[in-house]
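Residue numbers count from 1 along this sequence.
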Amino acid sequence: MGLSFLTTKLSFSHALLRDFKGLPPLDLSSIFINLTFFILFLLVVSARRIILCVGRIRFIKEDSGANSIQIRPANDVEIRDVEIGNGFKASLFCCFYVLVLQLVVLGYDGIHLMREAAADDEKSVNWPLLCFPAAQVLAWFVLSFSALHCKFKLSEKFPLLLRVWWISSFAICVGTLYVDGRGFLIEGSKHLNSHVFANLAATPALAFLCFLGVRGVSGIQVYRNSDLQEPLLLEEEAGCLKVTPYGEAGLFSLATLSWLNPLLSIGAKRPLELRDIPLLAPKDRAKTNYKVLNSNWEKLKAENPSKQPSLAWAILKSFWKEAACNAVFAGLNTLVSYVGPYMVRYFVEYLDGIETFPHEGYILAGTFFAAKLVETLTTRQWYLGVDILGMHVRSALTAMVYRKGLKLSSSARQSHTSGEIVNYMAVDVQRVGDYSWYLHDIWMLPMQIVLALAILYINVGIASFATLIATIVSIIVTVPLAKLQEDYQDKLMAAKDERMRKTSESLRNMRILKLQAWEDRYRLKLEEMRDVEFKWLRKALYSQAFITFIFWGSPIFVSVVTFGTSILLGGQLTAGGVLSALATFRILQEPLRNFPDLVSMMAQTKVSLDRISGFLQEEELQPDAAIILPRGMSSTAIEINDGEFGWDPSSSRPTLAGIQMTVEKGMRVAVCGTVGSGKSSFLSCILGEIPKISGEVRICGSAAYVSQSAWIQSGNIEENILFGSPMDKAKYKNVIHACSLKKDLELFSHGDQTIIGDRGINLSGGQKQRVQLARALYQDSDIYLLDDPFSAVDAHTGSELFKEYIMTALAMKTVVYVTHQVEFLPAADIIVVLREGCIIQAGKYAELLQAGTDFRTLVSAHHEAIESLDIPSHSSEDSDASNPTNGQAVLKKNCSANGNDINSFAKEVTEGASASDQKAIKEKKKAKRSRKKQLVQEEERERGRVSMKIYLSYMAAAYKGLLIPLIILSQALFQILQIASSWWMAWANPQTPGDEPRTSAMVLLLVYMALAFGSSWFVFIRAVLVATFGLAAAQKLFKKMLNCVFRAPMSFFDSTPAGRILNRVSIDQSVVDLDIPFRLGGFAATTIQLLGIVGVMTKVTWQVLLLVVPMAVACLWMQKYYMASSRELVRIVSIQKSPVIHLFGESIAGAATIRGFGQEKRFMKRNLYLLDCFARPFFCSLAAIEWLCLRMELLSTFVFAFCMVLLVSFPHGSIDPSMAGLAVTYGLNLNARLSRWILSFCKLENKIISIERIHQYCQIPGEAPPVIEDSCPPPSWPENGAIDLIDLKVRYKENLPLVLHGVTCHFPGGKKIGIVGRTGSGKSTLIQALFRMIEPAEGKIVIDNIDITSIGLHDLRSRLSIIPQDPTLFEGTIRGNLDPLEEHSDQEIWQALDKSQLGAVVRQKEQKLDTPVLENGENWSVGQRQLVALGRALLKQAKILVLDEATASVDTATDNLIQKIIRTEFKECTVCTIAHRLPTIRDSDLVLFLSDGRVAEFDSPTRLLEDKSSMFYQLVSEYSSR
C-alpha cells in the first residue's frame, strides 16, 4: 500500500511538472521573476527590522546612562508641509487597478478549472495554469501596499526595488503583447483567452508605472523648516532657496530635460523674477570652478617659473572630465547622423521592387526612426553639455581676472585701464567660454569626412577620391578668408576697446563735460571712433557674407566634381546612389562650413587667451613691500628703515628717498608739505602700495585708509559705513556722532538707507569724505592713515571732526594724517615735513617753528591768511574769556545762533537704546515703503512679449525696410533652385543599375551645374543684402542712442550706474552689430527651407499633411509656452550682467581702499555671488532652448517615421522611387530644420531684446536744447556779470525733497562773492542751478537781465567758467586737458600753466605739453589736478567764474598764491567762491551764508564780522581759534 501511495505521489508530481513545462515561457519567466522579487522584498523588510531592533537596544543602553537626553524625532521638527501630487495618486490607482485585474483573472481561471474538474472527473485538470495569476496577485498586492506605504513614510522617491519591479513587469508585458499579437495573426480568435485580455488592459497602467520607475520621483513634496532656516547663500534673497533639480535629476528627467518643467510652468503663468530661478548646484557655482582652475593655474606657474604657463592647458586640466563626457555624445551623434544617408540607397531600391529579406521596408523605416531618435537625444545632451562647460570656464576666468585686478601693482595698473580690464571680462572671457562649442570639431571634422567618403565610395565608387580632393580645395579656399576675417575681427575689437575706453571716461566725467560745455566735442570724438570701428565692422560683415556664399557653394562644388568625375569615368549613377550622395553632401556641408569658423575661432580664442594670460601674469603688489605684524607683537606701530620708493621703476629719480621713521603706538603724526612733495606717496609706502626699491617697512596691527579722493561704493550709506562688518548699534551711533553725520542723515529722506548714486554722486564732497571717515572708524583698526581728510569740509565741521574724530575717537590709536590746514598741526606728537620726496624736517610743532625753513614758510602763510580776515580785536578776547578751557563755549554759542538744533542732536546721542532702536525699525520700514523715491532705482526691464513696434522700428531703421522683400525673394529663389537641382539628378538618372538614363551625361551635368551654381549666387545676394541692412540699422541706432545719452540731463547719470549704460553701448551694441542681421536673415532662410522640405514630402505623400498641420500647431503652442519664460530669462540675464561689470569698474577704482582695509576676500566673495546671480538665469535660459528643441525634433522625427511607414506601405510601383527617395533625403533634414526654425525665431526674439534695451535709451527725455535759435544771447553777453537769484527753489528729482528753499539775492557784476555754510547746506547745488545742471523747481536766475532758462544750455555754459570741487583730468595729454576744443595757441597754454603754478613742473617733463595724462589723471597729484582746472579757467577768460572748493587740495602758501592770481587775472569778472578755508574768501566783496538750503546771511564780510551774533562771525572765530 505504501508503495502504491508513493507511486501515485510520483506520478502526480511528474504530471504537475509536465503541466508546468506546458506553460508559455514568458508566463514561467514572470512567475520566477515575481517570486524572486517577493523573496527579495521579504529579505529587505526583515533586514530593516533587525537593524531597527539593534538600534533600539543600543539606544536603550545609552539612554540608561546618567547623561540621557530626551530626543525628539527629527521629522517632528523639520516637516512644515506635505503636498501629495497627482503623479502619486495616479501611481496608486494604476497599482490597485492591475491588482484588481489580476484578481479577476485568478477568479475567472479558478472557476473555469473547477467547472472543468466537476464536468469530467477522469480528465486531469491543468491546475498549474493558476500559478501565473496567483503569482501576479501576490506581486501586485505587495507592490500596491508598498506604493501606499510611501505616503506614510513621506518618501519623495519610490524605493529602488519597487521601481525595478515595475520596469520588469512592463518588459514582460511588452514581450507577452508581441507573442500574443503573433499568435493572433497565425491562429486567429482561437488564441484569445483571459490572460491576453488582462495583459492588454494592464498595458497602459504598466507603461505609466515603468515611466515612474525610470523617473523615480514619487510626487510627494515635503517642505521642511530647515530649508528656510539655513539659506545657501548669505546674500541670497528670500524665496530662491531651492537648488536646481538638475543636480539630482534621474536618467529620464535628464534625457528629456523635464527637470525644467516647474520653472517653465511658473513662467507660463506670470513673468519670471530672479527669485523664481533656482540656485545653481554646488558643482556649477563660480566658487567651485574658480578654485579648480586657480589651483591648476598656480601649479603650472610653480612647476616651471622661467617658462610661460599655458592658460589653455590649465583650463583643459580643470574641465577635461566634462569635455570627455561631452565628447561621447558628440561622437555618437556624428555616427548616427550618417545612418540616414547610408540607408537612402537601399530604400530607393526597395521601393523599386528589390527586396532582399522579408519585411525589409518596415525594418528600414524602423532603422531610420531609431537613428533619428538617438541623434535627437544625443544632440540636445551634447549642446547643453558644451553650454554648461562654457559657463564654468567663463565663471572661473572672470573670478581670476577680478582677483588679479585687486592685486595689480601700480606699474601694471598703468598699462591696463579699468575699461581694458572690464573688456577682458566682458569680451575675452566670453570668447574663451564660447570656444567650448568648437572644442570637439578638431577631431570630429576628420571623422565626418572619413564617414562621408566611405558612403560616397559605396555609391559613386572611385569618384569619391575626387570628392576628397574637392573637399580639401574647399577647406584650403576658406583658410585665407578665415585669416582675413580674423584680422578684421582683431581690428574691430581694438577699435571697440578704444571707443569703450573713451565712452567709460566720458560717462564718468559727464558732469565736467556739461559744466564746460564740452559734451558735443566728446560726442563727436566718440562718433569718429565709432566710424573707425564701423569701417572694420563693414569689412568683417561683407567678408562674412562671402564666407556664407562659400559655405553654400562648397557642397555644390564638391557634388559637381564628384558626379562629373563619375560620369567621365563611365561610372553608372543610379537615383538611389545620387540621393544618398546628395544627403551625404548635405551633412558634409556642416564640417565644411565649420572649418573656417573653427580656424577663425581658434585664432580669436588664442588672442583672447594670450590677452588674459598676459594680464594674469602681470606684476602684483610686492608681498614684502610692507611687513604686517600681528596686533600686540611690538610697541612700535610703524617703522620705516632707509626706505626708497618709486611709482615708476624705470625713472632714475625715486618718488620717496631716504625715509627713516619710527612711530610708537598711540602717536599722532601729521604730514605736511607743498603740492607734489610726496605726501600721498608717503601714506602709500606704509600701505605697501608703492613699489619698494630698498629699505624695510613694518607695521604692527590692522590699518584703515582714507584716500584724498573719496571712493564711495554704490549702495546705501549704512552699507558704506559698515563695509562688510556686522551691525553694532551702539558703535554705529558713536561713529555717526564722531563723523558729524547725524545732521546730514536727518536731511536725507531715507536717512542712512539712502542709496548713493554712481561714485557717490548725490553726496556733497564733504559728505563723501565723512562717510569715508566713518567707514574707517567703524572698522576699529589699530593704525589710521588719513590723506587730507579735512580739505573737503567747512571750517566748523573740520574743527568738530578734528576734535571728535582724531582727538577723541582715535585718542588711543596710531594716526598718520596728511593735512594742508596748519591749525591741525600743533595737536600732533610728530610733524613730518616733506619736500621733493624727502623728509626734510620732523619734530614737534614748537621745535620746527624755531628751526625755520619750509615749515616756517607754511605756518607764516597760514597766519597771513588769518590776519587778512581782519577780525575785530575784541572778538578773540571775548571768546577767550568765555572759553577758558578748550573752546566749547564758542561751539555752543555757534550752535544756538545757527538754530540748527545741534544741542538736541547731542541729546539724541545719549538717549536710551530702546527708543532709538524702535525709531530705527520704523525708519527701515518707511525706507522700504518709499524705496521708489530713492535716487538710484533697480534697472528697468520690459515684461511680456517684445513689442512688434521694436521689430518694425529695426526693419525700418535701414533704407525704410526696402531691403526686406529683396532678402526674402533671393532666399526663396535659392531654395527653389536647390530643390530643382536635387530633383533633376534623381529624375534624370536610372532607378536601378540596369535601367537607361533619361538624358545624356553632358546635359545631366550642365543642367545640374546651372541650377546648383545659380542657387549659390542667390545666397550670395541674400548675404550681401543682410550685411548691408544690418550695417545701416546698427549705425543709425548707435548714433541715436549716443545722442540721447549725451543729451540726457545730469539727473539721469546721477541715478544710473555707469555699468548699465556701458552694458548697452558695448554688449547690446555688439549684438546689434554682429548678431541680429544674421539672425533675421537666418530666420527667413530657415522658414523658406522648412516650407521647401514640407512641400517635397507633401508632393510625394500628401497624407503627411495630416500630421504636419497638427505638428505645426503643437510646435507653435510649445514655442509660445517656452517663449513666455525664455524672454524673461534673457531680460534677467541682461540685467544681472550690469552689476558684475559695475562691481569690476568700482573695485578697480577703489582697489587701494579695498586693500587698505584688507577686504579683498569679501569683495571676491561678492564677485562670485554676482557671477552666480548671472549664471542662474543664464543656465536656465540655455536649458530652456534645449528643452524646446528636443520636443520639436521628437515631433518631427515621428512625422518623418510616419512618412517612411506610408512610403513602405504603398504597393510597389504606385509612386516614383526617385521622388520618394528625394522626399526621404529632405525628410532626413526635417527635424534639424524644424528645431532650427523655432530656435532661430526664439534666438531672434531673445537677441531683439538688445534693440529693446537700446530703444529704451533712445527715449531718455533730454535736457533743454543746447541752442535756441530765436533766443540767442548777444556775443558779448554777459557784459557785467550781474547775477540775480529770485525765489530759487531746487530739487534733484521730482520725488525728492527741496534742497534750496526760496533763495533770493543779488550778486553785482564784477564783484567777488564768497559762499559759505555747513557741509550739505546747498552751496554746490546753487552752483549746479546756475549752470542749469538742475532746472529750478520754482523761481529763476537772471544774468545781465537775461533769464538763463530762456536761452540754450550751450550758450549759457560756454559763457561761464568753473573750477569744480572734484578735479578731473582726461586720459591724453596736458595740452588736450587744458584746451580740448583746440582754440588756443601753445604760447597761451604756457602762460596759463605759469599762472597756475604748473609751468615749472611741466617744463621738467620730457614731452612738455604732450606729457601723458593717465586714466583719471592718476599720474598727477590731486593738488596738481586742481591747478590744471585753474589753467582751464585762465584760458577760457569768462565773465563769470565759479570756484567750487577749487583750492581744497593745495597747501596754504599755494592757495594764497592762487588767490593773488585770481585777484589780478579775474579782477573785472564776477567770481563766486565756495570755500571751507575762510581765508580763501577774505577779500570777497560779499559773503552769502547758506544754512539748510536757505539764505541765513548776505552782506559784506566786514559788516558780518562786526556783528558778534552773526553765523559768519562765529564760523571765523571757530576757524581762527582752531
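- No donor-acceptor distance shorter than 3.5 angstrom exists from the side chain of Arg835 to the backbone of Gly673, with no hydrogens or angles considered.
- Counting only distance, with no hydrogens or angles, the side chain of Tyr784 and the backbone of Ala776 share a donor-acceptor pair below 3.5 Å.
- Counting heavy atoms from C-beta on, the side chains of Met807 and Arg668 come closer than 4.5 Å.
- Side-chain atoms of Ile1374 and Leu1393, non-hydrogen and from C-beta on, do get closer than 4.5 Å to each other.
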Would you check, one step at a time, whether the test side chain to side chain donor-acceptor pair (under 3.5 Å) holds for Arg775 with Gln772? CA-CA 5 Å; Arg775 174 170 65 203; Gln772 273 212 122; 3.1 Å; yes
Under the salt bridge (charged side-chain N to carboxylate O under 4.0 Å, His left out) criterion, do Arg1155 and Glu689 qualify, and how do the steps go? CA-CA 9 Å; Arg1155 289 192 295 261; Glu689 289 287 321; 2.5 Å; yes
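- Closest of all the heavy-atom pairs between Cys672 and Leu825 is SG-CD1, 4.3 Å.
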List the steps and the verdict of side-chain contact (heavy atoms from CB on, under 4.5 Å) for Leu1490 and Val1316. CA-CA 6 Å; Leu1490 289 175; Val1316 293; over 6 Å; no
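- Gln660 and Asp642 share no donor-acceptor pair across their side chains, judged by distance under 3.5 Å alone.
- For the atom pair Ile1363 CD1 and Leu1443 CG, the distance stands at 4.0 Å (nearest 0.5 Å).
- Put simply, the side chain of Ile638 reaches to within 4.5 Å of the side chain of Val816, judged on heavy atoms.
- Phe645 has its side chain out of reach of Pro691: every pair of non-hydrogen atoms, C-beta onward, lies at least 4.5 Å apart.
- Here the closest heavy-atom approach between residue Tyr1513 and residue Lys1508 is recorded as CD2-O, 3.2 Å.
- Contact of the Ile736 side chain with the Ile721 side chain is registered, since non-hydrogen atoms from C-beta on lie closer than 4.5 Å.
- Without hydrogens or angle criteria, Lys692 side chain to Glu644 main chain gives no donor-acceptor distance under 3.5 Å.
- Between Phe1157 and Tyr705, a ring centre-to-centre spacing not shorter than 6.0 Å is recorded.
- Using a 4.5 Å cut-off on side-chain heavy atoms (C-beta onward), Thr655 and Ile690 make contact.
- A salt bridge links Arg1403 with Asp1394: the distance from a Lys NZ or Arg NE/NH1/NH2 to an Asp or Glu carboxylate oxygen falls below 4.0 Å.
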Chi angles and distances behind the salt bridge (charged side-chain N to carboxylate O under 4.0 Å, His left out) call for Asp780, Lys813: CA-CA 9 Å; Asp780 196 22; Lys813 306 286 184 184; 2.9 Å; yes
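- In terms of heavy-atom proximity, Ile693 sits nearest to Pro654 at CD1-CB, 4.0 Å.
- Between Gln841 atom CD and Glu847 atom CD the span is 11.0 Å, to the nearest 0.5 Å.
- At least one side-chain heavy atom of Ser702 sits less than 4.5 Å from a side-chain heavy atom of Arg631.
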Start with the C-alpha gap between Arg698 and Thr636, add the side-chain angles, then the distance that decides, and say whether side-chain contact (heavy atoms from CB on, under 4.5 Å) holds. CA-CA 9 Å; Arg698 287 171 181 272; Thr636 304; over 6 Å; no
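- For the atom pair OG of Ser634 and CD of Glu639, the computed distance is 7.5 Å after rounding to the nearest 0.5 Å.
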Pair Val815, Leu786 - check side-chain contact (heavy atoms from CB on, under 4.5 Å), show working. CA-CA 8 Å; Val815 184; Leu786 315 175; 3.9 Å; yes
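- Between the CG atom in Leu773 and the CG atom in Leu801 there is a gap of 6.0 Å [rounded to 0.5 Å].
- With values rounded to the nearest 0.5 angstrom, Phe1466 atom CZ is found 9.5 Å from Lys1312 atom NZ.
- The shortest side-chain heavy-atom distance between Ile627 and Ile699 does not fall under the 4.5 Å cut-off.
- Inspection of the Ser725 and Gln779 side chains reveals an N or O donor paired with an N or O acceptor under 3.5 Å.
- Summarising the geometry of Gln769 relative to Ser707, their closest heavy-atom pair is OE1-O, 3.6 Å, with the distance given to 0.1 Å.
- Considering CG of Leu834 and CZ of Phe682, their distance stands at 6.5 Å, rounded to 0.5 Å.
- In plain terms, the two heavy atoms of Ala738 and Leu777 that are nearest each other are CB-CD2, 3.7 Å.
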Evaluate Ser680 against Val818 for side-chain contact (heavy atoms from CB on, under 4.5 Å), listing each step before the verdict. CA-CA 8 Å; Ser680 296; Val818 171; 5.6 Å; no
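- Between Phe802 and Phe824, the ring planes lie parallel to each other; the angle is under 30°, not in the 30° to 60° tilted range.
- Contact record, Ala774 with Val735: O-CG1, 3.5 Å, taken as the closest heavy-atom pair.
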